Number of protein chains: 2
Amino acid sequence: MNSQFGERIRTLREKQNLYLRQVAPLLEMDTAQLSKIEKGLRQLKREQIPILAEILKASSDELMTLWLADQIYAVVKDEKLANEAMQVAEKNINQTKRKK
Amino acid sequence: MNSQFGERIRTLREKQNLYLRQVAPLLEMDTAQLSKIEKGLRQLKREQIPILAEILKASSDELMTLWLADQIYAVVKDEKLANEAMQVAEKNINQTKRKK
DNA sequence: TTATATTTGCCAATATTTGACAAGTCAATA
DNA sequence: TATTGACTTGTCAAATATTGGCAAATATAA
C-alpha cells in the first residue's frame with residue numbers, strides 16, 4: 001500500500017472508464033495482479049510502464065517518475081536518516097551526470 | 001562498484017590498520033565477501049552496520065546514511081527522471097513524517 | 001621463491017518476488 | 001434474497017535475485 005503509482009493509474013483507469021478485466025490482458029496479467037499493482041502490493045515491471053501509459057492515454061514520464069519514487073520510498077520509509085541519505089544520493093546522481 | 005559506503009569503510013579500515021582477515025570474522029563472513037562489500041559488489045546487511053561502525057570506531061549514522069544512499073542510487077542511476085523521482089519521494093517522506 | 005593480503009569466479013544455498021488460480025467481498029438490481 | 005459483475009484476498013509453486021563459501025588468481029613485498 002501507499003503507492004503513488006498505483007493510486008495514479010487507478011485514477012487514470014477510472015477516468016477512461018476501463019475495468020481491470022479490460023486492462024489486465026493488455027499487460028498480459030490477470031485482474032488480481034493488476035488490482036494488487038494498483039494497491040501497491042505488487043510492482044509493475046519497469047518496461048511495461050510505457051505500454052500502460054499508452055493504454056491510459058497518460059504521460060509515460062509521469063508514470064515512470066511515480067514508479068521510481070515508489071521504489072525510492074520503499075528503501076527509506078521508516079528510516080530516520082531518510083533525508084540525509086536522499087541528499088547524498090542526489091549529489092551522487094548529479095555528479096555522475098556531469099561526468100558523462 | 002561505485003559505492004560510497006564501500007569506499008568509506010575501506011578508508012576507515014585502513015585508517016585503523018586492520019586487514020580484511022581481521023574484520024571479516026567479526027561480521028561472520030570471509031574476506032572475499034567483505035572485499036566485495038568494500039567494492040560495492042555485495043551489500044552489507046542493514047543490521048550489521050552498527051557492528052561495523054563499532055569495529056571501525058565510526059559513526060553508525062554516517063555509515064547508515066551512506067548505505068541508504070547506495071540503495072537509492074541503485075534505483076535511480078541511469079534514469080533520466082532520477083531527480084524528479086527523488087523530489088516526489090522526498091515529499092512523500094516528509095508528509096509521512098508529519099502525519100506521525 | 002615464499003608469504004601475506006586482497007580479488008575474482010563459480011555455483012549451491014537461501015531469500016524474495018511473481019504468476020496463477022480459487023475463493024472471497026461488495027454493490028447493484030432483478 | 002439470489003444473481004451478476006467488478007474487484008480483492010490468500011495461497012503456494014515457480015521464477016528470479018541475492019548471498020555464502022570455497023578455490024584459484026592476482027598483487028606486492030621480502
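It should be emphasised that the depicted structure is a prediction, and the values quoted were computed from it without experimental measurement. Below, chains carry the letters A, B, ... as their sequence lines are ordered, and counting in each starts from 1.
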Output yes when at least one side-chain N/O atom of A:Arg42 is less than 4.0 Å from OP1 or OP2 of D:dT9, else no. no
What pairs with B:Gln87 under side chain to side chain contact (heavy atoms under 4.5 Å, CB included), at least two apart in sequence or on another chain? none
Are any of the side-chain nitrogens in A:Arg21 or A:Asp30 under 4.0 Å away from the carboxylate oxygens of its partner? no
Are A:Ile37 and A:Tyr19 joined in one hydrophobic group, where the rule is that I, L, V, M, F, W and Y side chains link up if heavy atoms are under 4.5 Å apart? no
d(CG, A:Leu41; C1', D:dT11) in whole Å: 14 Å
Proximity to DNA chain D (any heavy atom under 4.0 Å), residues of residues 18-35 of chain B only: B:Asp30, B:Ala32, B:Gln33
What are the bounds, 5' to 3', of the part of DNA chain C that sits under 4.0 Å from heavy atoms of chain B? C:dA5 to C:dC10
Taking the side chain as everything from C-beta on, heavy atoms only, tell me whether A:Glu79 gets closer than 4.5 Å to B:Ile93. no
Are the side chain of A:Trp67 and the backbone N or O of A:Arg46 linked by a donor-acceptor pair below 3.5 Å? no
When you measure only distances, ignoring hydrogens and angles, does the side chain of B:Lys36 come within 3.5 Å of the base of D:dG21 through a donor and an acceptor? yes
Does A:Lys57 offer a backbone N or O that forms a donor-acceptor pair with the side chain of A:Gln16 under 3.5 Å? no
Donor-acceptor side-chain pairing of B:Asn83 and A:Asn94 below 3.5 angstrom: yes
Within the side chain of B:Asp70, is there an N or O that forms a donor-acceptor pair under 3.5 Å with the backbone of B:Gln4? yes
Spacing between B:Asp70 atom CG and D:dT18 atom P, to the nearest angstrom: 15 Å
Answer yes or no: does a side-chain N or O of A:Lys45 lie under 4.0 Å from OP1 or OP2 of D:dT16? no
To the nearest Å, how far apart are A:Ile9 CD1 and D:dC7 P? 13 Å
Phosphate-side-chain proximity, A:Lys39 and D:dT9, N/O vs OP1/OP2 below 4.0 Å: yes
